[in-house]
Amino acid sequence: MDCCSEAIPDTAAKAYKLLFRSAFAIPLSHYLVAVCFLLIVLLYNFLEFHFVKDLLTGFRGGSIYLTYNPSSEIYHGVVSKCRTLHGRYLVTPWLSSPHIQTSFLNFFGRPPLFTYRRQMFHSSDGGMFALDWLMHSDVSGADIQNNHTIAKDDTTPIVIMIPGLTSDSASPYLKHLVFNTAKSGWNVVVSNHRGLGGVSVTSDCFYNAGWTEDVREVINYLHQEYSQAPLFVVGTSIGANILVKYLGEDGENVPIAGAAAVCSPWDLLIGSRFISRRLIQTFYDRALTIGLQGYAQLHETRYSRLANWDGIKKSRSIRDFDTHATCLVGNYETVDTYYRRCSSSSFIGKVKIPLLCISALDDPVCTREAIPWDECRANKNVVLVTTQHGGHLAFFEGISGSRLWWVGAVNEYLGALLSSSLMHTQKKAENIGPNSSPLQSSIDQGPYLNVADGMVAPMGNEVSEENKDQANQAVSVTDNHVFSSGRKPDFAPDAENSGGSSIVEKCMRQLSRQTNKSIWLLAYIAVISSWPIVGAALGFLFKRKFKKAPK
């Protein structure tokens with residue numbers, strides 16, 4: 001027994017010696033190759049590459065999934081005619097990762113070269129931002145001697161672009177979209193957010209993910225200025241969220257023929273949790289936060305007065321920035337309140353115009369978990385397009401990676417919609433906007449504050465005479481020449497034509513209905529909550545009664 005116990009460690013020691021000798025006998029270069037291979041495998045999975053999968057499938061590309069209502073006229077009359085949306089999408093092979101695609105788009109992007117014409121737009125609250133134009137004539141070479149103006153009766157369609165978070169007209173993905181759209185025969189204008197595009201903030205108002213008033217004013221202005229030209233809108237990322245929210249707020253009463261929303265975050269609360277979940281997502285969170293801090297740095301004077309400037313400088317995430325800046329300027333109680341009230345997923349069901357939505361399932365910024373599949377399927381005006389790959393606003397295709405798939409898809413959709421009979425036509429409706437509702441909380445009245453006499457208070461849609469005068473002095477400016485002349489029309493609703501009595505009656509009826517519902521609800525809650533006490537009392541009484549009964 002002792003011999004066996006002594007032989008085992010002796011044999012094990014010899015085995016380990018042989019193992020170490022063998023390990024040292026292997027050349028160091030072989031170990032380096034193994035380590036490199038292991039790192040490549042880890043990096044391949046970390047960056048979610050799919051090159052091997054594409055290779056094994058013969059680079060056929062992935063299917064494009066369409067979600068729509070079976071009785072949708074928009075699908076059967078427009079989207080069904082778009083070959084791009086019924087084909088397959090193949091990612092540029094050397095960009096076969098959502099993270100590589102997204103990073104390449106932002107750092108390189110290969111945008112086309114052209115020059116915008118700038119028009120300064122003055123909003124009703126005294127703010128100012130830039131509208132950057134690119135005409136079809138600019139890219140086609142026609143009408144070079146033109147006066148750089150659009151005639152009032154021009155019927156050329158106008159496409160309005162709404163950029164994403166901290167993006168402006170110079171962003172590579174927007175340049176791809178603008179150039180290709182103008183080349184397709186459209187006049188294009190990028191509505192830059194306040195404080196971006198090299199324009200200072202001139203009022204105590206900053207844009208956020210749910211601020212739709214600037215888009216509404218620009219669209220109404222263009223509709224009045226060029227009443228014969230059909231208007232289309234394309235929103236990207238946060239711009240897509242703003243667009244869908246605006247369409248849901250105004251319903252039928254929008255002068256837009258059709259729209260497209262690309263890579264929308266949909267639900268900001270889900271997106272906030274997603275972007276801080278994994279290690280690689282935190283890189284995007286940090287990068288976007290740095291962009292927001294840079295934006296705040298440009299307007300430090302106003303932010304330091306309206307928000308928590310120390311908190312802004314110390315922010316390490318988008319949520320931190322929204323806590324110290326957006327919520328204070330926009331007068332939201334909490335960050336979650338801001339996210340819930342500004343998420344477009346709760347407005348998609350109220351969209352009344354043709355809307356194409358495009359999202360990539362591997363989007364590293366806007367998660368697939370937030371996509372409102374059922375709401376899109378229930379709305380006959382909405383067609384949702386999803387691809388397996390594409391990243392965030394990237395969707396590179398071709399060997400050279402010089403094209404963005406979604407740009408071609410959007411342009412084909414807009415062209416098919418323009419040639420169809422399904423374009424939306426604005427119906428005459430009551431001039432009461434979502435922000436002027438008497439039943440709405442003051443917290444939703446706008447992301448800007450009225451600062452006067454040392455008092456800070458949320459400011460609604462009331463327009464002072466001074467601001468009206470400032471708005472009517474809009475001067476359209478280009479790089480070195482005048483783009484158009486004239487005064488910006490006043491869009492304040494006419495009190496005499498707004499149907500005040502009917503609005504009061506509707507409010508009373510709605511209040512009456514809500515009161516009846518509340519009474520029944522309170523009665524139900526009273527019965528349910530008091531039943532245990534009543535039951536105990538009845539049981540006690542009957543118990544005493546049965547005890548007193550003669551046997």
Side-chain angles (χ1 to χ4, degrees), residues 50 53-54 56-93 95-96 98 101 157 159 173 176-177 180-181 183-186 232-236 240 244 257-264 266 348 351 353-363 366 368 371-399 401-424:
H50 46 86
K53 181 181 178 182
D54 294 342
L56 295 177
T57 56
F59 293 104
R60 293 178 61 247
S63 299
I64 298 170
Y65 305 96
L66 302 176
T67 303
Y68 57 91
N69 191 290
S71 59
S72 170
E73 294 183 356
I74 306 303
Y75 171 78
H76 295 292
V78 179
V79 177
S80 62
K81 300 177 181 178
C82 299
R83 296 180 59 185
T84 304
L85 298 177
H86 288 82
R88 301 177 72 87
Y89 167 59
L90 174 62
V91 181
T92 298
L95 291 172
S96 56
Q101 279 208 75
V159 183
Y173 70 88
H176 277 282
L177 178 61
N180 285 276
T181 305
K183 199 173 181 180
S184 300
W186 311 64
F232 298 85
V233 187
V234 179
T236 55
V244 174
V262 184
C263 293
S264 173
W266 294 113
I348 188 68
V351 173
I353 72 166
L355 174 64
L356 180 74
C357 303
I358 298 178
S359 293
L361 299 182
D362 65 351
D363 192 322
C366 302
R368 62 193 294 177
I371 298 176
W373 305 91
D374 292 341
E375 289 83 350
C376 291
R377 188 179 292 108
N379 192 332
K380 297 180 181 180
N381 300 301
V382 177
V383 175
L384 172 64
V385 180
T386 52
T387 60
Q388 193 66 34
H389 305 295
H392 187 67
L393 294 172
F395 294 86
F396 283 100
E397 63 176 353
I399 297 298
S402 59
R403 303 190 310 271
L404 305 184
W405 173 86
W406 67 269
V407 171
V410 167
N411 285 329
E412 186 179 15
Y413 160 75
L414 294 179
L417 180 59
L418 180 64
S419 60
S420 72
S421 60
L422 297 174
M423 288 195 302
H424 172 261

Test side chain to side chain contact (heavy atoms under 4.5 Å, CB included) applied to Leu356 and Leu85, step by step: CA-CA 11 Å; Leu356 180 74; Leu85 298 177; 4.1 Å; yes

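- Heavy atoms only, all atoms of each residue included: Leu361 and Arg368 are closest at O-CD, 3.5 Å.
- In this structure, CG in Asn381 is found 8.5 Å from CG in Leu355, a value given to the nearest 0.5 Å.
- The distance from the CD atom of Glu73 to the OG atom of Ser420 is 10.0 Å, given to the nearest 0.5 Å.
- Minimum heavy-atom separation, Phe59 to Leu90: O-CD2, 3.3 Å.
- The two residues Arg88 and Ser63 come nearest to each other via the heavy atoms NH1-OG, 3.3 Å.
- Residues Trp266 and Val244 are in side-chain contact: their nearest non-hydrogen atoms beyond the backbone lie under 4.5 Å apart.
- For the pair Leu417/Phe232, a side-chain contact is recorded, criterion being any heavy-atom separation below 4.5 Å from C-beta on.
- Atom-to-atom distance recorded for Leu384:CG and Asn69:CG is 13.0 Å, nearest 0.5 angstrom.
- Annotation for Leu56: atom CG counts as buried by contact number, over 12 foreign heavy atoms lying within 6.0 Å.
- The main-chain N or O of Tyr75 is found under 3.5 Å from a side-chain atom of Ser72 such that the two form a donor-acceptor pair.
- For the pair Leu418 and Pro157, the tightest heavy-atom approach, listed with the atom from each and the gap, is CD2-CG, 3.6 Å.
- Residues Ile74 and Lys380 form no side-chain contact, since every pair of their non-hydrogen atoms from C-beta on lies 4.5 Å or further apart.
- Once rounded to the nearest 0.5 Å, the distance linking OG of Ser184 with CG of Leu414 reads 9.0 Å.
- The two residues Arg83 and Glu412 come nearest to each other via the heavy atoms N-OE2, 2.8 Å.
- Atoms CD1 and CD1, on Ile371 and Ile348 in that order, are 11.5 Å from each other to the nearest 0.5 Å.
- Formation of a donor-acceptor pair under 3.5 Å by the Asn379 side chain with backbone atoms of Val351 is found in this model.
- Residues Gln388 and Tyr89 fail the side-chain proximity criterion, which asks for heavy atoms closer than 4.5 Å.
- Formation of a donor-acceptor pair under 3.5 Å by the Asp363 side chain with backbone atoms of Gly390 is not found in this model.
- Looking at residues two or more places apart in sequence or on another chain, you find no salt bridge (charged side-chain N to carboxylate O under 4.0 Å, His left out) involving Glu375.
- Qualifying side-chain contact (heavy atoms from CB on, under 4.5 Å) partners for Thr57, counting only residues two or more places apart in sequence or in other chains: none.
- Counting heavy atoms from C-beta on, the side chains of Cys263 and Phe395 come closer than 4.5 Å.
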Evaluation steps, side chain to side chain contact (heavy atoms under 4.5 Å, CB included), between Leu66 and His86: CA-CA 9 Å; Leu66 302 176; His86 288 82; 3.7 Å; yes

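- Ring pair Tyr68/His76 is perpendicular by interplanar angle, where above 60° counts as perpendicular and below 30° as parallel.
- Across Ser264 and Ser359, no two heavy atoms sit closer than the pair N-OG, 4.4 Å.
- A distance of 14.5 Å separates CD of Glu397 from NE2 of His389, quoted to the nearest 0.5 Å.
- Leu177 places a side-chain heavy atom less than 4.5 Å from the side chain of Trp406.
- Residues that satisfy the ring pair (Phe, Tyr, Trp, His ring centres under 6.0 Å) test with Phe396, not counting sequence neighbours, are Phe104.
- Proximity of Cys357 to Val382: side-chain heavy atoms (C-beta onward) are separated by under 4.5 Å at one or more points.
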